[in-house]
Amino acid sequence: MNINEIRKDFKILADPAYVYFDNAATSQRPEQVLEAMDAFSRTMNANPLRGLYEWSIKATDAYEDARAKTAAFVGADDPSEIVFVRNATEALNLVAFSYGLEFLKEGDEILITVMEHHSNILPWQMVCRKTGAVLKFIEPKEDGTITEEMLKEAVTEKTKLIGMGLVSNVLGVRNPVEKAAELVHKNGGVIVVDGAQSAPHMKTDVKAYGADFFSFSGHKMLGPMGIGGLYARHDLLEKMPPFLSGGEMIEYVKRDSATYAEVPHKFEAGTVNASGAVGLAAAIEYLENIGFDAIEEQEKKVTKIVYEGLKSLPHVHVYGNPDPEKHSGIVTFNIDGCHPHDISSVLDTEHIAIRAGHHCAQPLMEFMQEKLSMEFRATARASMYFYNTEEEAERFVEAVSKVRGWLGF
Amino acid sequence: MNINEIRKDFKILADPAYVYFDNAATSQRPEQVLEAMDAFSRTMNANPLRGLYEWSIKATDAYEDARAKTAAFVGADDPSEIVFVRNATEALNLVAFSYGLEFLKEGDEILITVMEHHSNILPWQMVCRKTGAVLKFIEPKEDGTITEEMLKEAVTEKTKLIGMGLVSNVLGVRNPVEKAAELVHKNGGVIVVDGAQSAPHMKTDVKAYGADFFSFSGHKMLGPMGIGGLYARHDLLEKMPPFLSGGEMIEYVKRDSATYAEVPHKFEAGTVNASGAVGLAAAIEYLENIGFDAIEEQEKKVTKIVYEGLKSLPHVHVYGNPDPEKHSGIVTFNIDGCHPHDISSVLDTEHIAIRAGHHCAQPLMEFMQEKLSMEFRATARASMYFYNTEEEAERFVEAVSKVRGWLGF
Amino acid sequence: MELKNLYREIVNEHNLHPVHKGDIEDPDMILNGVNPSCGDDIYLQLKFDENGNVSEGSFNGSGCAISQASADMMLDLIIGLPKEEALEKAEIFMGMVRGTVDEEKIEELDEAASLADIAHMPARVKCATLGWKTMQRMLRDGENEKK
Amino acid sequence: MELKNLYREIVNEHNLHPVHKGDIEDPDMILNGVNPSCGDDIYLQLKFDENGNVSEGSFNGSGCAISQASADMMLDLIIGLPKEEALEKAEIFMGMVRGTVDEEKIEELDEAASLADIAHMPARVKCATLGWKTMQRMLRDGENEKK
Ligand SMILES: Cc1ncc(COP(=O)(O)O)c(C=O)c1O
Ligand SMILES: Cc1ncc(COP(=O)(O)O)c(C=O)c1O
């Protein structure tokens with residue numbers, strides 16, 4: 001992997017003054033992705049699935065090819081196991097509204113971790129409100145680890161659904177979804193693996209995870225905004241009721257009832273985002289061309305510099321696993337006396353983009369504040385991707401070392 | 001309006017061999033829209049709403065500017081009355097799940113027309129199933145007209161919600177939403193105006209319609225796939241519960257509960273489709289630059305040729321209003337002995353793209369089959385937009401005149 | 001073959017003057033097959049002799065020219081065949097429209113082989129296969145709506 | 001003003017060495033103001049003399065430097081003023097960060113005028129206005145959490 005060549009594919013990275021370290025929020029898009037979408041619009045733009053003319057047939061092929069490519073990317077058996085959605089949040093809501101409301105009942109337990117993203121918390125709160133199921137939380141150790149023992153203790157025979165991010169967007173830690181899957185399957189339950197933060201950084205294999213559902217967002221893995229995916233086991237999709245309803249997801253519509261199209265179309269109501277899917281497919285192709293080995297290697301190099309650099313600074317607290325290789329490119333930290341928002345604002349004057357705040361993980365912030373005596377219920381987070389360089393990492397550490405000075409200490 | 005200049009903006013229209021008359025399914029996108037989206041990705045791509053750095057601030061501005069532009073486009077009072085969604089279908093589902101399930105109850109009546117798109121039927125079937133409300137249908141006259149008298153007869157004091165497409169995607173007729181609004185408001189009810197087919201063709205004015213809700217899709221009005229809008233009165237949005245939940249739509253999240261962000265963010269869960277919104281804003285700008293007067297003038301010229309041309313052909317039946325000016329660019333027809341799918345397939349060999357089938361309006365097909373003795377429960381539909389030319393219309397009529405011959409008659 | 005030629009040379013004839021459209025007397029099996037997205041809707045009727053060969057067959061219903069013609073050609077081909085062979089023909093037909101069987105095999109379909117180019121028209125594949133799928137459901141899965 | 005200079009010249013001082021942070025004795029009004037998206041969380045406390053002038057004031061709580069400094073500067077400005085004038089200052093401050101009032105008016109804010117450039121940082125506007133909004137809710141809307 002030649003990082004200089006790769007960076008040329010990302011026009012927004014051309015200005016060396018800027019350091020973009022907010023990749024866990026959204027990634028940048030290479031020209032290949034933009035070009036694939038533009039080409040769709042310029043040569044075959046039509047409403048897929050229904051047209052009997054050339055452009056619509058091409059558009060349908062492009063859309064279904066994108067589905068097949070996405071299925072292969074996550075390790076699914078069959079393209080029909082991929083439902084295209086807007087983003088990971090919608091994927092998780094789809095599971096909650098369709099599977100959750102239909103198959104969970106009073107007294108069942110839903111188990112999630114305290115480090116879940118709000119998008120993997122609120123839908124389950126909704127399911128619990130409406131069904132009488134109970135939401136339980138598993139808390140990690142201080143460094144973010146969840147062990148098999150902790151899981152065994154948390155899973156009871158009432159646990160019918162586990163929601164677990166494969167990689168935490170705050171700590172970067174990889175969670176033991178395989179063990180969780182095993183335990184919940186013994187109860188005839190299912191596991192919803194939220195892959196929003198893992199899919200960009202590591203080879204996905206839903207089979208190996210034992211995942212019944214797997215959610216992800218295109219925009220976090222070089223794809224466009226507005227497209228994401230839900231992997232779901234075919235037999236689950238078959239028995240789940242539809243969620244959104246309208247055009248394209250039906251067979252017959254009578255005035256008072258309807259029958260539904262086959263899986264996965266049953267879950268894709270209305271005109272599909274075909275150009276978004278084409279963009280996602282181009283992003284997948286781009287990632288596969290580089291290869292996850294090379295991607296991880298580069299991320300580890302950069303993350304190590306950031307992690308160890310911050311660790312060595314006085315007044316800086318770095319969270320999560322002591323091994324920077326276990327951070328999936330994410331380094332979360334705080335600086336004594338400095339509110340994360342002020343940190344991010346002054347770093348912005350150095351053209352360094354990081355995120356600060358609760359990271360859509362307020363329960364985790366609360367947990368960390370208590371366990372780790374954090375000053376504020378918020379952190380600063382640098383998140384790197386394979387197109388980031390070691391020089392950027394060094395510049396970042398250098399800048400962080402000056403933050404306390406800029407803030408008057 | 002110089003049609004030749006305009007067509008240069010649409011690369012896909014460059015090949016004069018192709019006639020694209022399936023605009024009611026999806027429109028084409030001008031270069032200006034593609035460029036606006038690419039520019040977003042190349043210069044300010046970031047996750048809006050949360051970042052404290054330059055790109056994210058720019059992205060937030062671009063996203064909220066798009067909202068303001070969209071609000072002005074539909075005639076809303078305030079940008080906060082626009083919720084960005086994927087498409088009109090999602091907009092209608094949002095109203096059904098949030099407003100419908102919360103405010104309708106057993107015995108209430110939902111009134112829709114028989115010519116609604118499936119996306120404005122199925123969500124109401126769902127609401128009726130879950131609340132015990134009753135779904136009623138109003139049938140138009142044979143030419144598609146719904147009169148004030150017919151409305152008065154159909155609306156009872158139990159009618160608490162009316163769902164009505166402003167323009168039918170099959171007949172092109174404009175429905176009397178103003179009268180319907182008046183009637184339902186007397187009951188303290190609301191009207192959901194589906195503007196998916198009107199917004200591309202005429203100046204929208206939600207206030208003049210008396211619309212409480214108004215749904216539309218970007219992809220039908222020069223915008224990208226994957227973005228659409230719901231206009232809703234501010235006070236309704238305030239009192240409606242959230243629908244999808246997760247990141248970006250919250251204030252506080254505790255382990256067992258949450259409070260929600262202000263309107264409209266409460267309804268936009270997960271990372272927003274900012275580049276899609278930017279594309280939609282560019283589409284709106286493009287439409288406004290041409291102006292709806294010029295747009296309608298061109299559409300009427302082309303529609304007249306198609307309508308009168310088809311009318312004059314033996315064995316061809318044209319549906320809807322006898323005045324081609326009342327068709328919003330849509331001409332639906334059948335040919336004796338020829339299944340619409342065969343019509344569309346043979347026209348495709350002439351590089352003419354039209355739609356054939358039930359047009360996501362099966363109840364209307366059933367109604368037309370009965371009232372107008374249609375041979376099949378399907379029609380062929382040519383739908384024109386302002387970039388279509390009179391020559392294309394003539395070529396189309398000429399081709400249709402040969403269809404029966406090609407099919408062996 | 002260009003689609004217009006396909007219609008002219010084969011489809012139109014079978015659609016406008018089908019040999020097997022209508023009802024047969026006292027069929028052994030009747031099955032309804034539909035394509036919801038197209039509105040194609042046929043009733044396939046078959047009768048068997050003492051050896052289990054298809055002795056008579058017809059179809060009824062409405063749909064596009066391709067669905068009608070394909071059903072008519074199918075009946076041309078399978079009347080007189082043992083069930084197993086009829087099913088084999090259906091396999092070949094399915095393989096043909098999916099593009100997974102070779103020329104030689106396709107020839108076994110006689111006139112129905114002319115629908116090979118449907119493989120390039122995914123939106124019409126369902127029309128072409130409706131009759132064949134209905135036959136498979138009958139003979140392979142034993143579905144029968146006759147009361 | 002570039003943000004780093006703004007911190008150096010004004011914000012840091014008010015954040016690290018606030019004059020009005022803490023509790024006052026027996027306040028007449030107490031109100032909590034929050035920015036959910038930032039986690040800023042302050043308690044504003046005010047006391048009035050017999051003429052309705054703000055006689056004492058303080059804030060407590062936690063938040064970013066801008067929210068803290070802005071609240072401290074606000075109290076510098078309004079202590080001693082009649083309620084109406086305090087509210088006028090809040091109006092000016094809101095107008096300043098929205099970019100809708102002119103230079104001359106802004107000068108009436110004394111040191112708080114230095115936060116004018118926050119108008120170009122929409123994400124930080126909420127931090128800067130937290131104290132002011134809380135004061136508006138108190139004096140204009142009469143909200144009071146004191147029991
Ligand atoms: C009248 C009408 N309503 C709703 C829709 C649904 O639009 P979308 O598929 O973009 O959600 C359509 C599009 O076909 C339509 O014509
Ligand atoms: C772990 C995790 N899950 C879910 C999401 C939600 O993704 P989106 O906002 O694209 O729906 C995110 C993104 O922030 C995330 O990091």
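On a predicted model such as this, the values are computed, not experimentally measured, just so you know. Numbers restart at 1 for each chain; the letters A, B, ... are given by sequence-line order, proteins then strands.
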Of the backbone (N, CA, C, O) and the side chain (C-beta and beyond), which part of V272(B) lies under 4.5 Å from a heavy atom of chain A, both, or neither? backbone
If you measure from OG1 on T271(B) to CD on E90(A), what distance do you get to the nearest 0.5 Å? 12.5 Å
Atom NZ of residue position K136(A) - does it have more than 12 heavy atoms of other residues, nucleotides or ligands inside 6.0 Å? no
Non-hydrogen atoms of A277(B) and I227(B) that approach each other most closely: N-CD1, 3.7 Å
What heavy-atom pair brings A88(A) and S217(A) nearest, and what distance separates the two atoms? N-OG, 2.8 Å
Interface moiety of Q28(B) toward chain A, non-hydrogen atoms closer than 4.5 Å: both
Given that the side chain runs from C-beta out, which part of E366(A) has a heavy atom under 4.5 Å from chain B: side chain, backbone, both or neither? side chain
E251(B) versus chain A, the contacting section by heavy-atom distance below 4.5 Å: backbone
Below 4.0 angstrom, N of the basic side chain to O of the carboxylate: do E139(A) and R255(B) qualify? yes
Comparing I121(A), D256(A), L135(A) against chain B, the one with the most heavy-atom pairs below 4.5 Å turns out to be D256(A)
Against chain A, label H341(B) side chain, backbone, both or neither, depending on which of its atoms sit under 4.5 Å from a heavy atom there. both
Pair E350(B), Y18(B): side-chain N/O donor-acceptor within cut-off below 3.5 Å: no
Between R355(B) and A25(B), what is the shortest heavy-atom contact and its length? CZ-CB, 3.9 Å
Roughly how far, to the nearest 0.5 Å, is CG of D38(A) from NZ of K11(B)? 10.5 Å
Specify which of L92(A), V33(A), T349(A), I250(A) makes the most heavy-atom pairs with chain B at under 4.5 Å. I250(A)
Checking E248(B) against chain A: side chain, backbone, both or neither under 4.5 Å from a heavy atom? both
Any I12(B) side-chain heavy atom under 4.5 Å of F40(A) side chain: no
Q125(B) versus chain A, the contacting section by heavy-atom distance below 4.5 Å: side chain
Counting heavy-atom pairs under 4.5 Å with chain A, which one of N23(B), V114(B), L34(B) comes out on top? L34(B)
Heavy-atom pairs under 4.5 Å with chain A - which of V253(B), D348(B), N273(B) has more of them than the others? V253(B)
For chain B, find which of S345(A), S257(A), A274(A) contributes the most heavy-atom pairs closer than 4.5 angstrom. S257(A)
Going by the salt bridge (charged side-chain N to carboxylate O under 4.0 Å, His left out) test, which pairs reach into residues 271-280 of chain B, not counting sequence neighbours? none
For chain A, find which of G228(B), C360(B), A353(B) contributes the most heavy-atom pairs closer than 4.5 angstrom. A353(B)
Partner set under salt bridge (Lys or Arg N to Asp or Glu O under 4.0 Å) for D342(B), not counting sequence neighbours: R124(C)
Looking only at heavy atoms and a cut-off of under 4.5 Å, which of L94(B), N93(B), I57(B) has the most pairs with chain A? N93(B)
Please identify, among S119(A), S245(A), A96(A), G246(A), the residue contributing the most non-hydrogen atom pairs under 4.5 Å to chain B. S245(A)
At a heavy-atom separation under 4.5 Å, does S275(B) approach chain A through its side chain, its backbone, both, or neither? both
Bottom line for F97(B): the part with an atom under 4.5 Å from chain A's heavy atoms is side chain
With a 4.5 angstrom heavy-atom cut-off, which part of N87(B) approaches chain A: side chain, backbone, both or neither? side chain
Quick one: OG on S98(A) to CZ on F267(A), what's the gap to the nearest 0.5 Å? 4.5 Å
Pairs of heavy atoms under 4.5 Å with chain A: top-ranked of H359(B), K254(B), R129(B): K254(B)
Chain B heavy atoms under 4.5 Å from S41(A): which part of the residue, side chain, backbone, both or neither? both
Do the two ring centres, one from F216(B) and one from F84(B), sit under 6.0 Å apart? no
Least distance between heavy atoms, N45(A) atom then W55(A) atom: O-CE3, 4.0 Å
By a 4.5 Å heavy-atom criterion (distance strictly below it), what part of R381(B) contacts chain A: side chain, backbone, both, or neither? neither
Measuring heavy-atom distances to chain A, does I354(B) have an atom under 4.5 Å in its side chain, in its backbone, in both, or in neither? backbone
Between chain A and each of M365(B), H351(B), R42(B), count heavy-atom pairs under 4.5 Å; write down the option with the most. R42(B)
Find the one option among G247(A), C128(A), A356(A), S27(A) whose heavy-atom pairs under 4.5 Å with chain B are most numerous. G247(A)
So which part of M249(B) gets closer than 4.5 Å to some heavy atom of chain A, the side chain, the backbone, both or neither? side chain
Side-chain heavy atoms of L347(A) within contact of Y53(B), under 4.5 Å: no
Let me know if F10(B) has heavy atoms under 4.5 Å from chain A in its side chain, its backbone, both or neither. neither
